[in-house]
Every structure is written in C-alpha cells, then in structure tokens.
Number of protein chains: 2
Amino acid sequence: MHLLDYFLNIHFKRSQGCFAIFGFLDCPMKKKEKITIHDIAMEVGVTASTVSRALNNHPRISPATKKMVLEAAKAINYKPNRIAAALRHGKSKLIGIIVPTINRNFFSSIVRGIEEYANARDYKVMISQSYDDYKKEVETIDALLDARVDGIMVSLGKNTHSFAHFESVIQKGIPLVFFDRTTDELDVNQVIIDDYSAAYQATNHLIDQGYRHIAHFTSHMKIKIYLERLRGYRQALLDNGIHFDAKMVVESNMQLDGGRNSARFLLDQSFGFDAIFSASDYAIVGALQELKKNKVKIPQEVGLIGFSNEPFTEFTEPALSTVDQKAISIGENTAALFFEMINGDPRPKPRIKKVLDANLIIRTSSSRIPNIQLNTNSTNPE
Amino acid sequence: MHLLDYFLNIHFKRSQGCFAIFGFLDCPMKKKEKITIHDIAMEVGVTASTVSRALNNHPRISPATKKMVLEAAKAINYKPNRIAAALRHGKSKLIGIIVPTINRNFFSSIVRGIEEYANARDYKVMISQSYDDYKKEVETIDALLDARVDGIMVSLGKNTHSFAHFESVIQKGIPLVFFDRTTDELDVNQVIIDDYSAAYQATNHLIDQGYRHIAHFTSHMKIKIYLERLRGYRQALLDNGIHFDAKMVVESNMQLDGGRNSARFLLDQSFGFDAIFSASDYAIVGALQELKKNKVKIPQEVGLIGFSNEPFTEFTEPALSTVDQKAISIGENTAALFFEMINGDPRPKPRIKKVLDANLIIRTSSSRIPNIQLNTNSTNPE
DNA sequence: TTGAAAGCGGTACCAA
DNA sequence: TTGGTACCGCTTTCAA
C-alpha cells in the first residue's frame, strides 16, 4: 500500500517548513479595493442608476445596454453590496431561525429544509439556539430584530410559557412562523406535524402487537406537541377498549436520564406494564437501558416506541421503533409560508396552520408478533 | 391526576375557536414606523452626531448630554440600525461559519463555543453547511462574502481537495480560520486538537488492554485529521514493538455503512484482528453492528474505540470507548483567534496554529483487563 | 430609455 | 464639547 507511505512521507517533508503557495499573500501592492456600480457605470459609459436597473432586470432598460452592463460587471468581478441595498430598500434578505438546539437530527434537518428553500430565493438564513432557555430565547429574538431579519421562524423552547417577547415581532410587522413546537396562545402561522395522529398510530401499533398495558412518557403539557401525543395515545387506548390510566403517564425532562428514571419508576410500581410509547427518542433510549439492566426482554416482555427518528434509534440493541417527522418537509413548508406572507397577506385573518403527516417506523423494539405469534402473555388476546 | 384532565379539557375548549389575545393585532392604526437617532436628537435638542457619540460612548462628550440621550433613547424605544452602521464603517459584525454538517454533536458544540464567544463581543454568527459537498462549499463561501461577513471560520468538507475558493477570502483580507478539518496547503490560521496524540493514546490503551492485532478505520488521507490519527496509531504500535501492517488500515466514508463494510472486510480476511481503532464514531458503530451480527464478543474477543464522543456512543451495547475532542473549547479558541486577527495582525507571519489536547474516554467496548485479567489469548503478553 | 438627485440611518471629519 | 456635512453603495422617484 504505497499510498499510505506516500502520505506519511509528505507529512514529514511538510513539517520542515511552510510553503508559500500564494505568492500574492505577502505582496505589498493591493488589488483594487472595492468595486461598485459606479465602476461599472464608468466602464460602460452610463450612470449608476442605469447599471442598477440592468443588474436588477428592471423593465425600463434597453437590451443592448443591459447586456453591456452585465458583461462589464462580470469582467471586473463586481459583487453587489447587499448591505447597501438592504439599507436602501429596508430588506435584509435574511431569515432568522430559532431552535432549541441544532444538535438534533430533527432540528438540523428542518433547518436544512428552510435553508434550501430560502437560498433558492436569494435569502440567507441565520440560525440561533435557545438551548431551551427562556431568557436566551428572549435575548435571541432581540438579537434577530437587531440584525434586521425579514422574518423569524421559531420552534419554542421547553420552558417558554410566556410569549410576550413575540409581541414586538408581531407589532413590527415582521413575518413570524412557528414550527413543530408551537402554541395556540398566540395568533401566529404555524407548521406542525399531526402529532395526535402519529401518537394514535404508534399506540395502535403496540396494541396490534398484543401489548395491553402501555405506559406513556411525556413532558410538560404546556408544549402542544406533548399534549397532542398524549391525546393520540389516550384515544387509541379508548378506541381499543383499553382503560386510560393516568398512572401510566410519566412526565420527565425527556432526556436520557429522564427516560431512565421514568422506567425505574414504572418498574418500582406494582401495576405492571408491557409497553412504553415515549414522546421522545432520548427518553426511550434511557428506558431501554434501564430495562436491559433489569433483564427485561425487549420486545418479548416489553415493547418500546419512541418519537423523532433520531439516527441513534437505528444503532440500539434492539433497534427502536419510532415516528419520523419528515423534518425536511417541515422546513420547506415553514419557509414557503414565510414567502407567502411577504408576497401576500402578512397576517391572514384566519391564521394558517399547515399540518403534515408523520411516518411510523416499525423496528424490532415493538415487533413481537412476526416471530412469537403464539406468545400470549397478555391478558386480552385479540 | 387532575392536571392531565385539565390540559385535555383546555384543548377541547380551545379547539372551538381562536382567541384574539392581543387586541392590537387587527388594530388599523400603526405605531410610529422607525425610530432613528434623529428622533432622539430632536427629543433631546442636539444633533444626530452628538447622539451617535453618546450611543457609542465616544470620549468627546459631556456626561450630562450623554445621560440625556441615553434616557431619551430608552424612552422612545430606540433600536440602532446595524445595517446602516455596517454600510458606513464597512463592518457587518457578522461571522460566517462553514461546517460539513451541523447535525453532529461535535460540530454543533463547536458552533456553540464560537457563538457564545462572539455574542459576548456583539458579533453575530451565520452558520452554513457544506454537506461535505465541494461545490456547495464553494457556493457557501461566495454566499458569505455576499453577506459581507467580517470573518469566516471553516471546517473543510471531506471532498475538498482543492482550495482555490479560499483565495478570494484571503485576497479580500477577510480573516479566515480553519478548525478541526484543516489543510496545510493554505497559509491559514487554525485550531485543531492533537489528533496524533489522541490516536496514540487510544491505540496505546488498546495495547494496554492486551490487544495486539489492531485495525484502523480511516478516511481520505488528504484530510489532515485522518492522516494525523493514522500517524498516532502507527507510532503507538511501533513504540510497543508491534509491526505496522498497512493491510490493517481500512479506508471508507466513515459513515455507518462504511464501518459495516470495513468490519465485513476484516472478517473476510485471513489475517485476523482483535481490536479496531476507528477515526470516526459512526464507523465504529457500524463495525459494532456487523461484529455482533457475527457473534463476535465485545470487548472479550475484539476491542473497539471510536473518535468524537458522539452522544450515541453511550447508548450502544456495550458502550463505546471514544475520544472527546473538547468541541466547545475548539469553538472558543477559534473565535478568540478571529478577534486576535481583527484587533492585531490579520495575517501573522508565521501562521498561528492552536493545538488543543483531546480526552480519551474509556468505556466498556475496550475494557477487558478489569474482569478478565487472565485471558491471554494474545500472542505477546506484556 | 436614461440621467440627476435625494435619500436609507449612521459615522466621522472638520470647524466652531 | 458640539454642530454641520459629506458619504458608505445602492435604489428609486422625477425629469428629460
């Protein structure tokens, strides 16, 4: 394998000293500093206004001069100054995004969706993280306003139970869109997935697999997605003639440790359970660890299903069933909504609410029927 | 559990119709549009220049007027227009960051480090993702230049083997800093961890645990971090009197599937192996899956260690040893370097290279000594 | 179809 | 210490 030796050698050689690859680096004479539309105007022999029109394909310009301007611009490597343009027509062509944390596949995928949609329309995106901290979220709104963004897209932090900081955004007439973690306490357009239906399907799937004592892991009910998931879970139980028992609903921070504790709690209780539907993937992994530590067999004895389709749900043993939230699609729809708002009615009378469908992903952690068809340790065989 | 019923009820009530919480939403009369320093000047009875000085705590201003201006500004809820300021003094107070993908704990933590350091200094951050796509990286540089950022911080994409797109950044005199995935082919300041030493330690740890036939998973050698990790691995072997065998170095995309394939490859070969040091956590998870599928016992038969301390390395069974790269610290140092550059010499003669130490995290996947002290199935007992 | 000129909201120089 | 003013680069009316 010569290649390896080659690279190893290269390295040693390089360590001896630094190459000056670009001669112009230390070159004292500078290039022409800044190129503006006036330079182009000079070049072509017209005025700056004409150049501006040519560059922004304004209707009132002759094809001939337009062509000349465009060519000259390319020739002298002109780059428009968006800041100047922004100052002039009061549009920064910047979109601010606030997510609890970008360090989640779900959120980063949404951001990707927004980004691609926006970039295609010559808008840039500014990402901020609230870290689920209310104070930070308030500050961030302020920072984005400071940066004069043209619109703000927010997924609310877990601890955000007051919404006064969005008033100034609304008041300034800056388009505001909520996605995923939203609230109904504010009259704001939003893009969400059908959490209710997804939770219903997930619970139903567990029931199909013969589980009957299904616990639910959730977080604060002030956050709508958790309320919706609880409602879906509850309805699925009721529709299958299973008693909804509030004792089976365990609230936590929905992190790894929260999941562990919640599982611990269930194990310690006397009422028994044979499945968990968690509103978070992190919590279900915590539960998985705790259950395995206690020699509980998954999915034979307890079925598990999470929420969000985080990449690691594929890595666990067994692989975890979960709900895919079509993050990219949420992002695209959120961005699309923003563009609808700036092009049409910025604050439509009945608020717009886009509800997307989620996808149930069935993996091993909730599948006991295929291989153990006869195992009927549940009390209510179908 | 009344609380649940409470929330469930609330929901149903709310579904009936939308509340108009903020009366002013549909209020036809608008608030005062934009508040500028001229408004303050008018209010206080001075000129705009004086207001500007007061706001930017310029030395040449009397405490009395300064106080009046500040109070007036607060009273009429003035917000400075950064765009106008940016246009005037040619500084956007924006920093551009390019990472391959933000959807990695490592990168998002770095970004967090940069963000906090920069925000504390009144700079904002613009995050872009290259998705390891060379073309996208080039475009993104252009987009950031377009946005007139004051500096750019980059972690190179996996497929970036040409660096011409950074020339224009350097040429424009915009501070450029590379972090983590860097190159020496460009004379640019950089912040990296000591990959060589970290790899050395990791390999050494495996040897300490009695493993002797240690394979290495790597990616393209053009990326310096992989070269360094390979070098550390190699040196650790040599220093322990173990033959370095290029056959044991397996190259892949370092994703989950790459790891699976590489493990498959090792299993298919005749030369045997009893440990893997992977330069990526994703690849080592892939290997773990493949090995488990083949009933290989971890860590008894094969020891594993990854790189990056991704959160999921804690979730696997067994938990994976890995290398923590102190991402936040990388971020802070990268930002600090930027501020050194804008305050002092933007392109110091000998390039600055900050090298941070990494942390070996030992978990179950590489620990067989504690419990199986007597198991000496290796040929070279220490 | 093109040009002239007035700003967008701050900043910074020069003069007072 | 303050005021007057030109200007950053681009957009956009109004006139020609």
Side-chain angles (χ1 to χ4, degrees), chain A residues 32-70 72-73 76-94 122 145-150 172-174, chain B residues 32-70 72-73 76-94 122 145-150 172-174:
Chain A
K32 189 191 298 176
E33 285 302 316
K34 320 202 166 190
I35 298 155
T36 72
I37 51 172
H38 295 97
D39 296 313
I40 303 176
M42 193 82 94
E43 196 77 20
V44 181
V46 292
T47 66
S49 10
T50 307
V51 174
S52 174
R53 280 187 279 255
L55 259 24
N56 299 296
N57 48 285
H58 188 93
R60 299 210 175 298
I61 192 156
S62 79
T65 48
K66 182 169 175 178
K67 189 171 163 242
M68 290 177 67
V69 168
L70 258 31
I76 62 177
N77 196 26
Y78 166 76
K79 286 211 125 208
N81 185 332
R82 321 181 113 247
I83 293 181
L87 175 61
R88 184 59 235 251
H89 59 10
K91 286 181 194 315
S92 62
K93 297 237 182 182
L94 260 181
D122 200 28
L145 254 23
D146 246 42
R148 306 276 157 159
V149 294
D150 288 344
K172 284 188 164 63
I174 294 173
Chain B
K32 189 190 298 175
E33 284 302 317
K34 318 204 167 190
I35 299 156
T36 73
I37 51 171
H38 295 96
D39 296 315
I40 304 176
M42 193 82 95
E43 197 77 20
V44 181
V46 291
T47 64
S49 8
T50 306
V51 174
S52 175
R53 279 187 283 255
L55 259 24
N56 299 294
N57 48 287
H58 188 93
R60 299 211 175 296
I61 191 156
S62 78
T65 47
K66 181 169 174 177
K67 189 171 162 246
M68 290 176 66
V69 168
L70 258 30
I76 61 177
N77 195 27
Y78 167 76
K79 285 211 127 210
N81 185 332
R82 322 181 113 247
I83 293 181
L87 175 60
R88 184 60 238 247
H89 60 285
K91 286 181 194 313
S92 62
K93 298 239 183 180
L94 261 181
D122 199 29
L145 254 23
D146 246 43
R148 305 278 157 159
V149 294
D150 288 345
K172 284 187 166 62
I174 294 173

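The salt bridge (Lys or Arg N to Asp or Glu O under 4.0 Å) check on K172(B) picks up nothing, with sequence neighbours excluded. Here K91(B) pairs with nothing under the salt bridge (Lys or Arg N to Asp or Glu O under 4.0 Å) rule; sequence neighbours left out. Checked against side-chain hydrogen bond (donor to acceptor under 3.5 Å, both in side chains), D122(A) has the following partners two or more places apart in sequence or in another chain: R82(A). Under the salt bridge (Lys or Arg N to Asp or Glu O under 4.0 Å) criterion, R53(B) pairs with no residue at all, not counting sequence neighbours. Applying the side-chain hydrogen bond (donor to acceptor under 3.5 Å, both in side chains) rule to T47(B) yields the partners S49(B), T50(B); only residues at least two apart in sequence or on another chain are considered. The side-chain hydrogen bond (donor to acceptor under 3.5 Å, both in side chains) check on D150(A) picks up S92(A), with sequence neighbours excluded. Shown here are the salt bridge (Lys or Arg N to Asp or Glu O under 4.0 Å) partners of R148(B), two or more places apart in sequence or in another chain: there are none.
Interatomic distance, N81(B) CG to T36(B) OG1, rounded to the nearest 0.5 Å: 9.5 Å. Atom CG of L145(A) and atom CD1 of I174(A) lie 4.5 Å apart (nearest 0.5 Å). Taken to the nearest 0.5 Å, the CG atom of N56(B) stands 9.5 Å off from the NZ atom of K66(B).
Contacts between residues 50-58 of chain B and DNA chain D, counted as heavy-atom distances below 4.0 Å, involve T50(B), R53(B). Residues of residues 40-49 of chain B that place a heavy atom closer than 4.0 Å to DNA chain C, in numerical order, are S49(B). Near DNA chain D, meaning a heavy atom under 4.0 Å from it, residues 60-69 of chain B has R60(B), I61(B), S62(B), T65(B) in order of number.
The distance from atom NE2 of H38(B) to atom C1' of dG4(D) is 11 Å, rounded to the nearest whole Å. The interatomic distance linking K79(A) (NZ) with dC10(D) (P) rounds to 13 Å, in whole Å. Rounded to an integer number of Å, the gap from L87(A) CG to dC7(D) P is 17 Å.
Nearest approach of A72(B) to I40(B), heavy atoms of both residues: CB-CG2, 4.0 Å. Contact record, I83(B) with L87(A): CG2-N, 3.6 Å, taken as the closest heavy-atom pair. In terms of heavy atoms, Y78(B) sits closest to I35(B) at CD1-O, 3.4 Å. When all heavy atoms of R60(B) and H58(B) are compared, the pair lying nearest together is N-CD2, 3.1 Å.
You'll find the side chain of I76(B) reaches within 4.5 Å of the side chain of D39(B), heavy atoms only.
Of all nucleotides in DNA chain C, those with any atom nearer than 4.0 Å to a heavy atom of chain A start and finish, going 5' to 3', at dT1(C) to dG9(C).
The base of dC7(D) sits with one of its N or O atoms less than 3.5 Å from a complementary donor or acceptor on the side chain of R88(B).
Along DNA chain D, the nucleotide closest to P59(B) and the one closest to H89(B) are compared, and the more 5′ of them pairs with P59(B).
Note on the helix from dT1(C)-dA16(D) to dA16(C)-dT1(D): angle between the axes of the first and last five pairs equals 40°, rounded to 10 degrees.
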